[in-house]
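The structure under discussion is supplied below as structure tokens; questions concerning it will follow.
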Number of protein chains: 2
Amino acid sequence: MVRWQPGARERLQAAALERFAAEGFDGTTVAEIAATAGLTERTFFRHFADKREVLFAGQDEFERLFVAGIEDADGTDPIAVVAAALEGATGFFPEDRRAWSRARQEVIDADPGLQERELLKLSKLAGAMTDALRRRGIDPTPAALAAESGVAVFRVGFATWIAEGEERPLPVILRAVLGELRSLLA
Amino acid sequence: MVRWQPGARERLQAAALERFAAEGFDGTTVAEIAATAGLTERTFFRHFADKREVLFAGQDEFERLFVAGIEDADGTDPIAVVAAALEGATGFFPEDRRAWSRARQEVIDADPGLQERELLKLSKLAGAMTDALRRRGIDPTPAALAAESGVAVFRVGFATWIAEGEERPLPVILRAVLGELRSLLA
DNA sequence: ACTACTGATGACAGCGACTGACATCGCGGC
DNA sequence: GCCGCGATGTCAGTCGCTGTCATCAGTAGT
């Protein structure tokens, strides 16, 4: 007889996404999520810093992929390095997570508080990329601009990938968006 | 005998910035802010949607300036239009608000929750700029990229303007940053 | 002058997010 | 077989935030 079932964290995440999709973020209490997962509210807050964070766990892993992509890239042109990192990070979003990503994004797009959290995560990502670029000897301002541009390209590309009817894989889309940005500022 | 002193909103904003700077955002309760301003907690929430918003009132005006700058600009090149809007919006930050802006930014930089709110405001700004560009007949993706780039330039430029030792006025800095972005992607 | 109405505020009760402190108990190590 | 660890439960409490109703100076209409 086990005292508690394993996978509490994953159960909480699944329960949260399900409830948020059905009742909305504000219409769901943490106690409800916990009960759905067979746990208590207090345990929820032991796994996630706050109610929003349950939708953003794993984001650190994503950030590490980006930074690793920058560190492993060749050359010294900031934009080229960022482009390489974009390629590497797409591994985080395989084709079979497209539907799940869409469902999650719909929940986020429906709540300003969740949008704030997403923006903070992306901002931290840009900061981590900036640091990684500077470690390669790139000057502060170009590093920040390249990182911000990279994140902007990722955002636009990701939204496109999620969109209804879109069938191109994420890496292809990202290359196209980066090309558009380049020609825009040429 | 007046029933209540005028300027409640401004008193609350001043009290909030003062307390946040002294005790930190988390270390300050809304009731304390209200008491400092000679009001009650309930009245605070009649003036501001939430505790964070007291630092971001006036942001709508800022957004309108940007959009107006886009609408009044000449030409069809997205980046040129955005550059013109950047010029116009600097009127929101005259030289004598530099010290105040720095104090406010220090408070924001010290709290993740406030950073989230700032990012949401900037994101909304980018969205409004995108819409304004599209109304000028610019295609969606170039419009979004130009708007995001414009906001990125503003962020980097504003941070520079605020920085210790910096003396150039904001418009000059913004032109320089935009030039850097251009040469970066050339 | 009397009355009705408005508009900013106060008072109060209540919900939900989040936290700290302490108890519980299966499991693995010794 | 005992002991400590670690994930969980329980409970009380703070604070952000909201709905509701009362208050009362000033204003407009009669």
Side-chain angles (χ1 to χ4, degrees), chain A residues 1-57 107-108 110-118 120-121, chain B residues 1-57 107-108 110-118 120-121:
Chain A
M1 172 74 181
V2 280
R3 178 140 159 69
W4 15 263
Q5 301 297 322
R9 190 183 180 84
E10 290 70 24
R11 259 154 46 221
L12 285 167
Q13 293 182 55
L17 182 56
E18 177 191 322
R19 292 306 216 108
F20 290 163
E23 321 273 345
F25 181 78
D26 274 346
T28 307
T29 68
V30 172
E32 282 170 18
I33 298 169
T36 303
L39 296 164
T40 64
E41 188 184 6
R42 191 66 184 86
T43 297
F44 178 97
F45 287 111
R46 286 202 180 90
H47 284 279
F48 306 101
D50 59 53
K51 186 182 172 186
R52 300 175 195 165
E53 200 63 20
V54 68
L55 283 179
F56 295 91
V107 170
I108 293 173
D111 185 89
L114 291 171
Q115 290 162 37
E116 286 187 343
R117 180 56 49 86
E118 182 175 43
L120 185 64
K121 296 289 187 183
Chain B
M1 170 71 182
V2 283
R3 177 137 157 73
W4 14 262
Q5 300 299 322
R9 190 183 180 84
E10 290 69 25
R11 259 156 44 222
L12 286 167
Q13 292 181 49
L17 182 56
E18 177 193 323
R19 292 307 216 108
F20 290 164
E23 321 272 344
F25 181 77
D26 273 346
T28 308
T29 69
V30 173
E32 282 170 16
I33 298 169
T36 303
L39 296 165
T40 64
E41 188 184 7
R42 191 66 185 87
T43 297
F44 178 96
F45 286 111
R46 285 203 181 89
H47 285 280
F48 305 101
D50 58 54
K51 185 182 172 186
R52 299 173 196 168
E53 201 63 21
V54 68
L55 283 179
F56 295 91
V107 170
I108 293 173
D111 185 89
L114 291 172
Q115 290 161 38
E116 285 186 344
R117 179 57 49 87
E118 182 174 44
L120 184 65
K121 296 288 186 184

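Letters A, B, ... are given to chains in the order of the sequence lines, protein chains preceding strands, and every chain is numbered from 1.
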CD (A:Q115) and CZ (A:R52) are apart, to the nearest 0.5 Å, by 10.5 Å

Separation of D:dT8 P from A:R9 CZ (nearest whole Å): 11 Å

Using a heavy-atom cut-off of under 4.0 Å over every strand shown, decide if B:A49 touches base, sugar-phosphate, or nothing. sugar-phosphate

Between A:Q5 (CD) and C:dG26 (P), how many Å, whole number? 14 Å

Which nucleotide, C:dG10, D:dT10, C:dA17, lies nearest any side-chain atom of A:T40? D:dT10

Spacing between B:F44 atom CZ and D:dC15 atom P, to the nearest angstrom: 15 Å

Taking any heavy-atom pair under 4.0 Å as a contact, classify B:A31: base, sugar-phosphate, or nothing. nothing

C:dG16 C1' sits how many Å from A:D50 CG, rounded? 14 Å

Phosphate-side-chain proximity, B:T29 and D:dC15, N/O vs OP1/OP2 below 4.0 Å: no

So, do A:L114 and A:F56 sit near enough that their side-chain heavy atoms are less than 4.5 Å apart? yes

Closest approach of B:V54 to B:L12 (non-hydrogen atoms, all atoms of both residues): CG2-O, 4.0 Å

Whole angstrom is fine here: how far is it from CG in A:L39 over to P in D:dT10? 11 Å

Name the closest nucleotide to the A:R42 side chain, picking from D:dC17, C:dT19, C:dA17. C:dT19

Atom-pair distance (CZ on A:F48; P on C:dT19), nearest Å: 14 Å

Tell me the interatomic distance from B:R52, atom CZ, to D:dC17, atom C1', rounded to whole angstroms. 12 Å

Rounded to the nearest Å, what distance is computed from the CG atom of residue A:L12 to the P atom of nucleotide D:dA7? 14 Å

From C:dT9, D:dT8, C:dA17, nucleotide with atom closest to A:T43 side chain: D:dT8

Output yes when a side-chain donor or acceptor of A:R11 lies under 3.5 Å from a complementary backbone atom of A:P6, and no otherwise. yes

Please figure out whether A:R46 or A:D26 has its closest DNA chain C nucleotide nearer the 5' end. A:D26

A:H47 vs D:dA7: side-chain N/O to OP1/OP2 distance below 4.0 Å: no

How do B:W4 and B:E41 order along DNA chain D: which one's closest nucleotide is nearer the 5' end? B:E41

